[in-house]
Amino acid sequence: MDRSRIIALSASVALLVGTACQPAAMSTEEDVSAINEARGMEAAGVNSGDPEQAVAAYTDDVVFMPPNEPMMTGGDAVRSWFAGAAEQVDIRVDYTFSDVSVAGDWAVERYAGTATFTPKDGSEAMVEQIKGIHVYQRQADGTWKIAQDIWNSDAAPPGM
């Protein structure tokens, strides 16, 4: 594991541990509502197949960790990932669970939901139960954006 990945992982663990130790009162209704809007913007972009709309929910230096693929950093890398996916499948993400903890200008969200992948070649759609973590950062204008995104499926990887 290279040094930048170790630093990113260490920072994420420190943030998660620090956030877990914060009192529940840190999650203001206003912050959680704004975070819900950011998640909604991300889902709308994914569901529309529009990489620009999806990436608008992320910070410029986002760390993006999709299942079974290498970690990528930055909006350009994520935009390219979404564009490549949109060429092959229509994606529908529906979040069914969210638990947000806010600590100052950072927030951590545990989430679950479904992701439906409908191949553009007419093959049968695949529905996966997903879960993941969004780490949000408050922006200078007061909005929230996703700074780190990691998720996986409840299903075993293909061939297992």
Side-chain angles (χ1 to χ4, degrees), residues 1-2 4-6 8-13 15-16 19-20 27 31-102 106-139 143-160:
M1 186 177 294
D2 65 45
S4 63
R5 287 186 181 172
I6 291 170
L9 180 60
S10 298
S12 296
V13 169
L15 176 64
L16 289 172
T19 301
S27 294
D31 287 330
V32 172
S33 177
I35 288 165
N36 289 340
E37 286 180 31
R39 181 186 347 91
M41 182 170 59
E42 181 241 7
V46 171
N47 294 345
S48 73
D50 181 356
E52 292 301 322
Q53 186 180 3
V55 171
Y58 293 99
T59 61
D60 291 339
D61 60 348
V62 63
V63 176
F64 191 74
M65 296 177 270
N68 305 313
E69 295 189 46
M71 178 176 70
M72 56 195 83
T73 304
D76 289 340
V78 175
R79 185 178 296 102
S80 178
W81 185 90
F82 276 120
E87 288 176 6
Q88 299 175 31
V89 295
D90 289 322
I91 304 172
R92 172 77 192 181
V93 174
D94 292 297
Y95 292 108
T96 58
F97 167 80
S98 171
D99 180 51
V100 176
S101 297
V102 178
W106 291 91
V108 175
E109 174 189 34
R110 290 181 303 119
Y111 67 84
T114 59
T116 304
F117 302 92
T118 305
K120 293 197 173 178
D121 67 4
S123 302
E124 186 176 334
M126 180 176 66
V127 179
E128 291 191 3
Q129 299 302 310
I130 60 169
K131 72 260 188 203
I133 301 269
H134 284 151
V135 177
Y136 294 85
Q137 183 178 26
R138 187 188 321 263
Q139 303 301 290
T143 61
W144 290 88
K145 288 193 174 191
I146 301 169
Q148 296 189 26
D149 188 359
I150 181 170
W151 77 96
N152 59 44
S153 171
D154 286 354
M160 292 190 76

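Computed from heavy atoms alone, side chains included, the values below leave out hydrogens, waters and symmetry copies.
- The shortest heavy-atom contact between Ala38 and Ala57 is O-CB, 3.8 Å.
- Residue Phe64 holds its CZ atom at 12.0 Å from CZ of Arg79, rounded to the nearest 0.5 Å.
- Here the closest non-hydrogen pair linking Glu52 and Asp50 is N-OD1, 3.0 Å.
- Within the model, atoms CD of Glu42 and CZ of Phe82 stand 5.5 Å from one another, a figure rounded to the nearest 0.5 Å.
- Contact annotation: the side chain of Ile133 approaches that of Arg110 to within less than 4.5 Å [non-hydrogen atoms, C-beta and beyond].
- For the residue pair Thr59/Gln137, the side-chain donor-acceptor check at 3.5 Å is not satisfied.
- Pro119 approaches Ala125 most closely through the heavy-atom pair CD-CA, 4.1 Å.
- Ring-plane geometry between Tyr95 and Tyr111 is classed as perpendicular, the angle between the planes exceeding 60 degrees on a 0 to 90 degree scale with a lower cut at 30.
- Looking at every heavy atom in both residues, Gly113 comes nearest to Thr96 through CA-OG1, 3.4 Å.
- The shortest side-chain heavy-atom distance between Tyr136 and Arg39 falls under the 4.5 Å cut-off.
- Using modelled atom types, one side-chain atom of Asn47 and one backbone atom of Val93 make a donor-acceptor pair closer than 3.5 Å.
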**Asked** Can Glu37 and Thr143 be said to form a side chain to side chain contact (heavy atoms under 4.5 Å, CB included), step by step?
**Response** CA-CA 9 Å; Glu37 286 180 31; Thr143 61; over 6 Å; no
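- Note: Met65 CE to Trp151 CH2 = 10.0 Å, rounded to the nearest 0.5 Å.
- For the pair Met72/Pro66, a side-chain contact is recorded, criterion being any heavy-atom separation below 4.5 Å from C-beta on.
- Using a 4.5 Å cut-off on side-chain heavy atoms (C-beta onward), Asp31 and Arg138 make contact.
- Minimum heavy-atom separation, Ala86 to Gly49: CB-O, 3.9 Å.
- Between the side chain of Ser48 and the backbone N or O of Ala44, at least one donor-acceptor pair lies under 3.5 Å.
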Taking it one step at a time, do Glu128 and Thr114 satisfy side chain to side chain contact (heavy atoms under 4.5 Å, CB included)? CA-CA 6 Å; Glu128 291 191 3; Thr114 59; over 6 Å; no
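- Annotation: side chain of Val78 is not in contact with side chain of Asp149 (no heavy-atom distance under 4.5 Å).
- A pairwise comparison of heavy atoms in Ala77 and Thr73 identifies CB-O, 3.7 Å as the closest pair.
- Applying the salt bridge (Lys or Arg N to Asp or Glu O under 4.0 Å) definition to pairs two or more places apart or across chains, none involves residues 60-69.
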Derivation of the side chain to side chain contact (heavy atoms under 4.5 Å, CB included) call for Lys120 and Asp90: CA-CA 7 Å; Lys120 293 197 173 178; Asp90 289 322; 3.1 Å; yes
* Residues Val100, Trp144; criterion side chain to side chain contact (heavy atoms under 4.5 Å, CB included); working and verdict -> CA-CA 12 Å; Val100 176; Trp144 290 88; over 6 Å; no
